[in-house]
Novice: 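Attaching a single structure in structure tokens format; questions to follow.
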Amino acid sequence: MGNTEGNNHVVGIRHSLAHLLAATVIEMYPGAKNAIGPAIENGFYQDFEMPEPISDEDLPKIEARMREVLKTWGTFVRREVSPEEARQQFSWNQYKLELIDEFSKDAKQLTFYTSGAFTDLCRGGHIDDAKEIDPRSFKLTRVGGVYWRGDEKRQQLQRIYGIAFETQAQLKEYVAMLEEAKKRDHRKLGQELDLFVFSDLIGAGLPLFTPRGTVLRRKLDAFVQEMRDEYDYQEVTIPHITKKDAYIASGHWKKFEEELFRITTREGHEFAMKPMNCPHHTQLYAARSRSYKELPIRYRETTTCYRDEQSGELSGLSRLRAFSQDDAHVFCRTGHVEEEALKIWDIIDRFYGTFGFELKVRFSTHDPANMSAYSGSEEKWLNTEQQLLSIIKQKVGDNYIDGVGEAAFYGPKIDFMAKDAIGREHQVATIQLDFNQPEGFDLTCINEGGDQERILMIHAAIMGSIDRFLSVYIEHVAGKFPVWLAPEQIRIATLNQDDEIVHFAKDIAAKAKSLGLRATVDADNESVGKKIRNAELMKVPYMVVIGGKELETGELMPRIRQDMEVNAEAHTAHTVDELLKTIVHESKSRVNKTSL
RNA sequence: GCCGCUUUAGCUCAGCUGGUUAGAGCAUCAGUUUUGUAAACUGAGGGUCGUCGGUUCGAAUCCGACAAGCGGCUCCA
């Protein structure tokens, strides 16, 4: 692990490269204006207003020119200037002028940094000398469109991204990681492994899951529901459309009206496809008066939600217009919150632990500077946040990330981020404490004193969206699903098309199916080598070849997918019963190792 | 939604600057072969070149709109 000094140094390199990129682009494209360009994780970027749009194909020549310009650069020279002088220098660049106006509000002097023939307005943070940059340790990666200052109402600029490290070896390592990520891309694997498809006829963001993909969904969902059953969740079922009144009461209408799929009935009534499930579930709770003795009431349901997402936001299974949530709502009193949240947390730990994900916790709170984005008084916000914080402290101490402004509009959340096998983080599970919808829907219980008491709701999704979880999980395991999830658990291939051999293979498959396994027979007229290759490509965990030898001895030599843990004697002959029994055991125990 | 790029057979991709019946590999189908742990051989079928419109004597190729996808931005209950 690098020390702090080393880390600052690489940040300095990245920052300095952003300057170099700005200098190079301005030189190569007369009329180009640079806006901002900071160091970021693994690299840097620089925003430009370009006279003509550039594309990815332009990057190699910009990169080559950067290396030339770099040779002319030396120490970074700092100079303090007055705002007036700065304005004069950058009169050609309205972006810098805007920054100068802003910075000069609280500073009398601004700073310029110069290396080679290039000077930029900058607060600092470079390395001392541009000669410290290894010209082989950076690379321009992509160009994208961005809004000036991140505001979609303002000018659109072009951003050039680069990656940069202290050494060429580190750059190579990072490039290798990106290539590995590309190989694992769930959109690619989804097609190769025959898990899901999209159709132009059906529409963007509307995934169609194949039989194989559906196995994955059902097994994952069953796992979550099995754990919820332990904690007395009750399964419910709701329709997928609703009158808009439900969203007016919940507060969603005000905030998400634009993102709803709306339906007008022939009688002119307005409905919407449900974008979430809480309003429906509240009505199950509110169907009759509830005694405090009944609480907590826990509803769970895996069901599809529909949101009219912006077309540019759709991406594989990560962002969809129709997606399925493994949703649950707990209706309870303040005194129940801690215990209920801990139960959910336990399910989350067990679920993600099973897959080898490392979890990080984010405490997602309201942004005091932006209260208009939230429902309810700030006092109530602070109150509920305190409740969640004490739970977080209890579970992980100070080991959590502050997510100011990351709350839902109706309440604070505990969000969980999973770190995958190649080090990327994804937001997954969530526990949300909601004091607003119980108000909106007037949810109460009759308390010990016989009075109506306002209750609280906890929203909890373990996978969040099954679809999005799948996108993360497919990439995490690179499509090599453990036996309990594998759409095809064992493939029985015949050596040839001899009747007796084919019959034996079919008998084994029938036996496997009777034990609840997912087995297939490959009796095609193909070479053994080809059949093995096909099974490998589909990442089937177990494969056996049946020939005369097997017919004679009744024993099988399993071919076990390489990522699975095995014992020494795994790759020896086993009886059919022994082999199938093992696979059944692995199917139930949810481990990715064979007990052969 | 915004900026940029892309779209040729089920999949992966050729097709130069517009010019007679649009190609390959894999997959599929048929025949041959009857195979021992990651690709047997031969042959056949399959595409109105994303859709619609325009320019042109002539469009897969140029222009426009729309759709879908990719990389970003914005958004994310």
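All chains are named by letter (A, B, ...) in the order of the sequence lines, taking the proteins before the strands, and each is independently numbered beginning at 1.
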Novice: What's the CG-P distance between A:Leu140 and B:G71, to the nearest Å?
Specialist: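 After rounding, the gap between these two atoms is 19 Å.
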Novice: Identify whether the distance between the nearest side-chain nitrogen and carboxylate oxygen of A:Asp308 and A:Arg321 falls below 4.0 Å.
Specialist: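 Salt bridge present between A:Asp308 and A:Arg321.
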Novice: Under 3.5 Å, is there a donor-acceptor pair between the A:Glu301 and A:Asn277 side chains?
Specialist: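 Checked: A:Glu301/A:Asn277 side chains show no N/O donor-acceptor pair below 3.5 Å.
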Novice: Is a side-chain donor-acceptor pair under 3.5 Å present for A:Arg362 with A:Ser364?
Specialist: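 There is such a pair (donor and acceptor under 3.5 Å, judged by atom type) between the side chains of A:Ser364 and A:Arg362.
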Novice: With a 4.0 Å heavy-atom cut-off, tell me which residues in residues 487-499 of chain A come close to RNA chain B, sorted by residue number.
Specialist: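 Only A:Leu495, A:Asn496, A:Gln497 qualify.
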Novice: Where each residue is assigned the nucleotide of RNA chain B containing its nearest heavy atom, which of A:Asp185 and A:Leu157 is assigned the position nearer the 5′ end?
Specialist: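 Closest to the 5' end, via its nearest nucleotide, is A:Leu157.
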Novice: Remember a base hit wins even if backbone is also touched, and classify A:Tyr161 as base, sugar-phosphate or nothing at under 4.0 Å, heavy atoms.
Specialist: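 Since only primed, P, OP1 and OP2 atoms lie under 4.0 Å of A:Tyr161, the category is sugar-phosphate.
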Novice: Does a nitrogen or oxygen in the side chain of A:Arg159 sit under 4.0 Å from OP1 or OP2 of B:G72?
Specialist: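 For B:G72, OP1/OP2 do not have a side-chain N/O of A:Arg159 under 4.0 Å.
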Novice: Would you measure the distance from the P atom in B:C66 across to the matching atom in B:G19 and give it in whole Å?
Specialist: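 Here B:C66 and B:G19 have their P atoms 28 Å from each other.
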Novice: Could you give the CG-to-P distance, from A:Leu317 to B:G69, as a whole number of Å?
Specialist: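 Atom-to-atom, A:Leu317 to B:G69, this comes out as 12 Å.
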Novice: Rounded to whole Å, please give me the gap between CD1 in A:Ile160 and C1' in B:C3.
Specialist: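 Answer to the nearest Å: 13 Å.
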Novice: If you measure from the C1' atom in B:G46 to the same atom in B:C63, how many Å do you get, rounded?
Specialist: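 Per the computed distance, 32 Å lies between those C1' atoms.
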Novice: Expressed in whole Å, how much space separates the P atoms belonging to B:A59 and B:U55?
Specialist: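 One P to the other, the span is 11 Å.
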Novice: Determine whether the side chains of A:Gln94 and A:Gln155 contain a donor N or O and an acceptor N or O closer than 3.5 Å.
Specialist: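 Distance-only check fails for A:Gln94 and A:Gln155.
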Novice: I'd like to know if the side chain of A:Thr303 pairs up with that of A:Lys274 as donor and acceptor (distance under 3.5 Å, no hydrogens or angles considered).
Specialist: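 Looking only at side-chain atoms, A:Lys274 and A:Thr303 do form a donor-acceptor pair, the distance falling under 3.5 Å.
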Novice: If I take atom CD in residue A:Glu192 and atom P in nucleotide B:A27, what distance separates them, rounded to the nearest angstrom?
Specialist: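 It is 15 Å, rounded to the nearest whole Å.
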Novice: Pick out the pairs of N or O atoms, protein on one side and nucleotides 75-77 of chain B on the other, that lie under 3.5 Å.
Specialist:
| from | atom 1 | to | atom 2 | distance (Å) |
| --- | --- | --- | --- | --- |
| B:C75 | O2 | A:Arg319 | NH2 | 2.7 |
| B:C75 | N3 | A:Glu313 | OE2 | 3.4 |
| B:C75 | N3 | A:Arg319 | NH1 | 3.2 |
| B:C75 | N4 | A:Glu313 | OE2 | 3.4 |
| B:C76 | O2 | A:Arg319 | NH1 | 3.1 |
| B:C76 | O2 | A:Arg319 | NH2 | 3.4 |
| B:A77 | O2' | A:Tyr410 | OH | 3.4 |

Novice: Give a yes or no on whether a salt bridge exists between A:Arg149 and A:Asp151, defined as a side-chain N under 4.0 angstrom from a carboxylate O.
Specialist: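 Here A:Arg149 does not pair with A:Asp151 in a salt bridge, since their nearest N and O are not under 4.0 Å apart.
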Novice: Please report the distance, rounded to the nearest Å, between CG in A:Leu59 and C1' in B:G72.
Specialist: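 From A:Leu59 CG to B:G72 C1': 12 Å.
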Novice: Any side-chain heavy-atom pair from A:Thr384 and A:Val337 closer than 4.5 angstrom?
Specialist: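 Sidechains of A:Val337 and A:Thr384: no contact.
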Novice: So, A:Asp326 and A:Thr302: side-chain donor and acceptor under 3.5 Å apart, yes or no?
Specialist: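 No donor-acceptor contact under 3.5 Å links the two side chains.
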Novice: Please give, in whole Å, the distance from B:G71 P to A:Ile163 CD1?
Specialist: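 Taking CD1 of A:Ile163 and P of B:G71, I get 16 Å after rounding.
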Novice: If you look at every heavy atom in A:Pro412 and A:Ala407, which pair is closest and at what distance?
Specialist: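 What the structure gives for the nearest pair is CA-CB, 4.0 Å.
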Novice: Please give the distance between the P atoms of B:G47 and B:G23 as a whole number of Å.
Specialist: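 So the two P atoms sit 13 Å from each other.
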Novice: Please list, one pair per line, the donor and acceptor atoms closer than 3.5 Å that link side chains of residues 366-374 of chain A to other protein atoms, with sequence neighbours excluded.
Specialist:
| from | atom 1 | to | atom 2 | distance (Å) |
| --- | --- | --- | --- | --- |
| A:His366 | ND1 | A:Glu385 | OE1 | 3.2 |
| A:His366 | ND1 | A:Glu385 | OE2 | 2.6 |
| A:His366 | NE2 | A:Glu378 | OE2 | 3.0 |
| A:Asp367 | OD1 | A:Ala369 | N | 3.0 |
| A:Tyr374 | OH | A:Asp367 | N | 3.0 |

Novice: Kindly state whether the ring of A:Phe331 and the ring of A:Tyr285 have centres lying under 6.0 angstrom apart.
Specialist: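 Centroid separation for A:Phe331 and A:Tyr285: below 6.0 Å.
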Novice: With heavy-atom distances below 4.5 Å as the criterion, would you say the side chains of A:Glu536 and A:Gln562 are in contact?
Specialist: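 The answer is no; the side chains never approach within 4.5 Å.
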Novice: What's the gap between B:G43 and B:A24 when it is taken at their P atoms, as a whole Å value?
Specialist: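 So the two P atoms sit 12 Å from each other.
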Novice: Examine the side chains of A:His459 and A:Thr430 and answer whether a donor and an acceptor come within less than 3.5 Å of each other.
Specialist: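 No.
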Novice: Check if the side chain of A:Tyr147 and the base of B:G1 share a donor-acceptor pair of N or O atoms closer than 3.5 Å.
Specialist: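 Yes.
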Novice: Expressed in whole Å, how much space separates the C1' atoms belonging to B:G15 and B:U61?
Specialist: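 That atom pair is separated by 10 Å.
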Novice: So which atom in A:Tyr95 and which in A:Asn34 form the shortest heavy-atom distance, rounded to 0.1 Å?
Specialist: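 Closest approach of A:Tyr95 to A:Asn34: CB-O, 4.4 Å.
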Novice: What pairs of nitrogen or oxygen atoms, one from the protein and one from nucleotides 4-11 of chain B, lie under 3.5 Å apart?
Specialist:
| from | atom 1 | to | atom 2 | distance (Å) |
| --- | --- | --- | --- | --- |
| B:C11 | O3' | A:Gln191 | OE1 | 3.1 |

Novice: What is the per-nucleotide protein-contact pattern of nucleotides 37-52 of chain B, from the 5' end, where B denotes a base atom under 4.0 Å from a protein heavy atom, S denotes such proximity for sugar-phosphate atoms only, and - denotes neither?
Specialist: BBBB------------
Novice: Whenever both distances are under 3.5 Å in a Watson-Crick or G-U wobble pair, mark it; put RNA chain B into dot-bracket that way, with [ ] for crossing pairs and | when the partner is on another strand.
Specialist: (((((((..((((.....[...)))).(((((.......))))).....(((((..]....))))))))))))....
Novice: Ring pair (Phe, Tyr, Trp, His ring centres under 6.0 Å) with A:Phe435: which of A:Phe409, A:Tyr410, A:Trp381?
Specialist: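 Exactly one option meets the ring pair (Phe, Tyr, Trp, His ring centres under 6.0 Å) with A:Phe435, and it is A:Trp381.
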Novice: With the side chain counted from C-beta on, respond yes when A:Ile344 and A:Ile462 share a heavy-atom pair under 4.5 Å apart, and no when they do not.
Specialist: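 Answer yes - side chains close enough.
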Novice: Rounding to the closest angstrom, what is the interatomic distance between B:C73 and B:C41 at atom P?
Specialist: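 Result for the P pair: 48 Å, nearest Å.
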Novice: With no hydrogens and no angle check, do the side chains of A:Thr304 and A:His240 hold a donor and an acceptor under 3.5 Å apart?
Specialist: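 Short answer, no.
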Novice: What's the CG-C1' distance between A:Asp47 and B:G72, to the nearest Å?
Specialist: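 In whole Å, B:G72 C1' lies 11 Å from A:Asp47 CG.
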Novice: Flag the pair A:Trp345 / A:Val361 as yes when at least one side-chain heavy-atom distance between them is below 4.5 Å, and no otherwise.
Specialist: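 Side-chain contact under 4.5 Å: yes.
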Novice: Taking atom C1' of B:A27 as reference, at what distance in whole Å does atom CG of A:Asp522 sit?
Specialist: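 Going from A:Asp522 (CG) to B:A27 (C1'), I get 14 Å.
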